[in-house]
Amino acid sequence: YVDFPAVTVCRT
Amino acid sequence: AQAISQHSPKMAQYLAPKYETFIVSCRFKGKKCNKTNFIKRMNGEYFKCFTFNNSATIKNVGPRWGLSLTFYLDRIYGIDLNYDMDAMDITEYGVKVSIHEPNTIPDMVNNAITISPGYNTKMALRQTVFGKMEHPWGQCDKFRVKLVDIAYEATNIAYNQDTCLKICQQRYIQGKCGCLNIMRPVPNDLLNETYC
């Protein structure tokens, strides 16, 4: 079991 | 892009993509996800970022069980921002992605990768966790700070070393120049100061 990380996406 | 954000937050808001026209499909743990699973944040370097901040625990591995996103990357506004030769490099097509600890501020400049359009990109990662002992053995502090981004949205952020350094830099800049830097987070007590 792992805690899912946060994922940040930005338009370049 | 930084100049636009710094001088004209409203223009930056206007240029920022909306969820519907940016993320066209989202799947997590084999199920559909939507706008409500994302937090919108303005960023001094990029006009708008979306953070998937789901504190879920996962037990399965592989692309079907992680987060799967499809982006629409065509430009939808017809404004030519390259008025000053190539000084403003904001016409590239792509996304920048950072995978980080939940509730922390991502470092989109130093700790993110650029994804090109037209490809299916998959990322697999492994996490190594180092836990430090709390007081009286260590001096780690678990408190959260209230910070604002350029859209003046207050958010609760988990404090870490990177955020600590950036707030320290912001305080230094504000002290020296009397104004704030768009690339650094703003602590609550500097809320009424203006950007440089």
Side-chain angles (χ1 to χ4, degrees), chain A, chain B residues 1 15-17 21-23 28-29 38-39 41-43 45-61 65-67 69 71-73 75 89-108 112 114-117 123 125-127 129 158:
Chain A
Y1 290 87
V2 287
D3 290 329
F4 201 75
V7 179
T8 297
V9 289
C10 310
R11 176 81 176 266
T12 58
Chain B
L15 293 171
T21 50
F22 180 47
I23 299 173
F28 180 60
K29 293 212 297 194
F38 289 83
I39 300 162
R41 296 198 81 246
M42 295 294 282
N43 175 293
E45 180 92 351
Y46 303 100
F47 295 130
K48 192 177 271 182
C49 301
F50 291 89
T51 299
F52 183 83
N53 207 3
N54 189 315
S55 52
T57 300
I58 52 165
K59 56 178 178 176
N60 296 323
V61 294
W65 300 103
L67 177 66
L69 300 169
F71 301 99
Y72 178 77
L73 295 173
R75 289 277 169 214
D89 185 22
I90 63 164
T91 50
E92 58 179 78
Y93 289 59
V95 281
K96 198 132 190 218
V97 180
S98 177
I99 299 166
H100 55 104
E101 201 187 324
N103 303 311
T104 57
I105 298 179
D107 186 340
M108 299 311 294
T114 306
I115 306 283
S116 304
M123 278 179 268
L125 35 118
R126 180 190 301 235
Q127 186 185 31
V129 180

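Because only heavy atoms are used, hydrogens play no part in the values below, and waters and symmetry mates are left out as well, while side chains stay in. Letters A, B, ... are given to chains in the order of the sequence lines, protein chains preceding strands, and every chain is numbered from 1.
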Which atom of B:H100 lies closest to which atom of A:T8, heavy atoms considered = NE2-OG1, 2.7 Å
For A:C10 and B:M108, work out which heavy atoms get closest and say how close.
-> SG-CE, 3.4 Å
Taking all non-hydrogen atoms of both residues, which atom of B:P102 and which atom of A:F4 are closest, and how far apart?
-> CG-O, 3.8 Å
Identify, with sequence neighbours excluded, every residue that meets side-chain contact (heavy atoms from CB on, under 4.5 Å) alongside B:D107.
-> B:V109, B:N110, B:N111, B:D162, B:K166
Check each atom of B:I23 against the heavy atoms of chain A and say whether the ones under 4.5 Å are side chain, backbone, both or neither.
-> side chain
In short, B:Y72 meets A:R11 closest at the heavy-atom pair O-NH1, 4.2 Å
Give, as side chain, backbone, both or neither, the part of B:F50 having an atom under 4.5 angstrom from any heavy atom of chain A.
-> both
Winner by heavy-atom pair count (cut-off under 4.5 Å) against chain A, out of B:N53, B:V95, B:V97, B:I58 = B:I58
What pairs meet the salt bridge (Lys or Arg N to Asp or Glu O under 4.0 Å) rule with one or both residues in residues 49-58 of chain B, with sequence neighbours excluded?
-> none
